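The structure under discussion appears below in the form of structure tokens.
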Amino acid sequence: MSKQHPIISVTGSSGAGTSTVKHTFDQIFRREGVDAVSVEGDAFHRHDRTAMKRAMAEAETKGDATFSHFGPDANLLEELAETFRQYGENGGGRSRHYVHDQEEAAFYGVPPGSFTDWENFPAESDLLFYEGLHGAVVTDRVDVAQHPDLKIGVVPVINLEWIQKVQRDKVARGYSTEAVMNTILRRMPDYVRYICPQFTETDINFQRVPTVDTSNPFVARWIPTADESIVVIRFRNPRGIDFPYLLSMIHDSFMSRANSIVIPGGKLDVAMQLILTPMILKLVERKRRA
Ligand SMILES: Nc1ncnc2c1ncn2[C@@H]1O[C@H](COP(=O)(O)OP(=O)(O)OP(=O)(O)O)[C@@H](O)[C@H]1O
Ligand SMILES: O=C(CO)[C@H](O)[C@H](O)COP(=O)(O)O
């Protein structure tokens, strides 16, 4: 945590919607004139796609069929924690991009499945914004969660998360349903051990819940729309959250617990703006005063 160089982390599983939520943050940053350095969690994968396949095959020869991108050994979590620590100390650090598909390859100029070179952060920025798998992770070797000043969880209920992953991986990344199912199965132990526990570390969780039948996510032909879902927003510490204001601004919202508000799916963007803008401004004002 740092007054001078604050960090916001948005954490979610693969397909949860963290990249989508980044657009909402980008809008807030642009509108409020906040200069944010962006870090994608995939930049801290340990291996490129070819090396990852090799590492998975090697693990399998040793009887481990669950080596995955969700776990600590497939990622540079120490480096991620060190990047957060360094940014908090002096605003410095570096990142890179993991290129998933042809479109990104055309943009970054390196083939799908590879990394761009590491690049240093610009000399001046207002805050660091992380979006990815491990923004609030704690393992026996590393504590990433201690660094961000604001931690957000993006956590659709699991059937919906799988539908989002299957559709995105098939349409945008060219994988078959079978291949995505195998990835989900491989990652399950790490999902339980390293992804889920993060959502007790986060300050606010946004959990999208479909209101249509998603009981077999592997045959769904489209992602339930905003109108076909509700969102549960849960605050770890509800003190200081102006619930009457949120309830009055978000039509058809209601409190389901003392620290949780439920909103119609179509109001997610406006709810995020109402909730997050004052929090972001507080961090930036604290920085400018420090
Ligand atoms: N609130 C939402 N409503 C409808 N569709 C959504 C929503 N959030 C995400 N999606 C869809 O789900 C898919 C996955 O979302 P996204 O790419 O943002 O996930 P991600 O968490 O960034 O995944 P990864 O870490 O694997 O890149 C996309 O097709 C996206 O359009
Ligand atoms: O979404 C992911 C993690 O957030 C991807 O599964 C990971 O980045 C590896 O990608 P690929 O399987 O396309 O090489």
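What you are looking at is a predicted structure, and each value in this text was computed from that prediction instead of being measured. Throughout, residue positions are numbered sequentially from 1 according to the sequence presented. Order of listing sets the numbers, starting from 1, for every ligand and every atom in it.
Remark: ligand 1 atoms within the under-4.0 Å shell around heavy atoms of Ser13 are 21 (O). Of all atoms in ligand 1, numbered sequentially from 1 with element shown, those under 4.0 Å from a heavy atom of Arg173 are 26 (O), 27 (O). Of all atoms in ligand 2, numbered sequentially from 1 with element shown, those under 4.0 Å from a heavy atom of Arg49 are 11 (P), 13 (O), 14 (O). Taking every non-hydrogen atom of Thr20 and a distance limit under 4.0 Å, the qualifying atoms of ligand 1 come out as 8 (N), 9 (C), 15 (O), 16 (P), 18 (O), 30 (C). Near Leu133, the atoms of ligand 2 lying under 4.0 angstrom from a non-hydrogen atom of the residue are 3 (C), 4 (O).
No hydrogens or angles considered: a donor-acceptor pair under 3.5 Å links the side chains of Asp269 and Thr24. If you check the side chains of His97 and Glu40, you find a donor sitting under 3.5 Å from an acceptor. Side-chain contact, Ser229 with Arg208: a donor N or O sits under 3.5 Å from an acceptor N or O. Thr225 and Asp227 share no side-chain donor-acceptor pair at under 3.5 Å.
Taking a 4.0 Å cut-off on heavy atoms, Gly132 fails to register as neighbouring ligand 1. Every heavy atom of Ala226 sits 4.0 Å or more from the atoms of ligand 1. The shortest heavy-atom distance from Arg208 to ligand 1 is under 4.0 Å. No heavy atom of Gly12 sits closer than 4.0 Å to any atom of ligand 1.
Under a 4.0 Å N-O distance rule, the pair Asp252/Lys267 does not qualify as a salt bridge.
Shortest contact from atom 22 (O) of ligand 1 to any protein heavy atom: Ser19 OG, 2.4 Å. Scanning all protein heavy atoms for the shortest distance to atom 28 (C) of ligand 1 gives Arg168 CG, 3.9 Å. Here the heavy atom of the protein found nearest to atom 13 (C) of ligand 1 is Gln164 O, 3.7 Å. Protein heavy atom at the shortest distance from atom 3 (C) of ligand 2 is Asp42 OD1, 3.5 Å. Protein heavy atom closest to atom 2 (C) of ligand 2, with residue, atom name and distance, is Ser14 OG, 3.6 Å. When only non-hydrogen protein atoms are considered, atom 9 (C) of ligand 2 lies nearest to His69 CE1, 3.3 Å. Among protein heavy atoms, the minimum distance from atom 12 (O) of ligand 2 is reached at Tyr175 OH, 3.2 Å. In terms of protein heavy atoms, atom 25 (O) of ligand 1 is closest to Ser14 CA, 4.0 Å. In terms of protein heavy-atom proximity, atom 14 (O) of ligand 2 is nearest to Tyr98 OH, 2.5 Å. With respect to atom 19 (O) of ligand 1, the closest heavy atom belonging to the protein is Gly17 N, 3.2 Å. Protein heavy atom at the shortest distance from atom 5 (C) of ligand 2 is Arg187 NH2, 3.7 Å.
Proximity annotation for atom 23 (O) of ligand 1: of Pro156, Gly15, Ser229, Gly15 comes nearest, heavy atoms only.
Counting heavy atoms under 4.0 Å from ligand 1, residue His100 does not touch it at all. Residue-level proximity to ligand 1 for Glu228 is absent, since no heavy atom of it falls below 4.0 angstrom. Contact annotation for Ile223 and ligand 1: only side-chain heavy atoms (C-beta onward) come within less than 4.0 Å of the ligand. Proximity of Thr183 to ligand 2, defined as any heavy-atom pair under 4.0 Å, is not found for any part of the residue.
Note: Leu185 CG to Thr183 OG1 = 9.0 Å, rounded to the nearest 0.5 Å. Of the inter-residue distances, the one linking Arg168 atom CZ with Ser19 atom OG reads 6.5 Å to the nearest 0.5 angstrom.
With Asn259 contributing its side chain and Phe235 its backbone, the two residues share a donor-acceptor pair below 3.5 Å. A donor-acceptor pair under 3.5 Å is absent between the side-chain atoms of Ser13 and the main chain of Ala16, judged by distance alone.
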How far apart are the C-alpha atoms of Asp203 and Lys151, what are their side-chain angles, what is the distance that settles it, and do they pass the salt bridge (Lys or Arg N to Asp or Glu O under 4.0 Å) test?
CA-CA 5 Å; Asp203 299 300; Lys151 288 176 286 220; 5.3 Å; no

Let's go through Glu89 and Arg85 carefully: what are the C-alpha distance in whole Å and the side-chain angles of both, what is the deciding distance for salt bridge (Lys or Arg N to Asp or Glu O under 4.0 Å) to 0.1 Å, and is it a yes or a no?
CA-CA 6 Å; Glu89 190 176 288; Arg85 191 205 60 76; 2.7 Å; yes

Does the salt bridge (Lys or Arg N to Asp or Glu O under 4.0 Å) test come out yes or no for Lys22 and Asp26, once each step is laid out?
CA-CA 6 Å; Lys22 181 176 187 298; Asp26 285 342; 3.1 Å; yes

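Between Tyr87 and Phe121, the ring planes lie perpendicular to each other; the angle is over 60°, past the 30° to 60° tilted range. The aromatic rings of Phe70 and Tyr191 sit tilted relative to each other, their planes meeting at an angle between 30° and 60°. Taking the six-membered ring where the residue is Trp, Phe115 and Tyr98 present perpendicular rings, their angle passing 60° and hence far from 30°.
Remark: ligand 2 and His45 share an N or O pair separated by less than 3.5 Å (distance only, no angle test).
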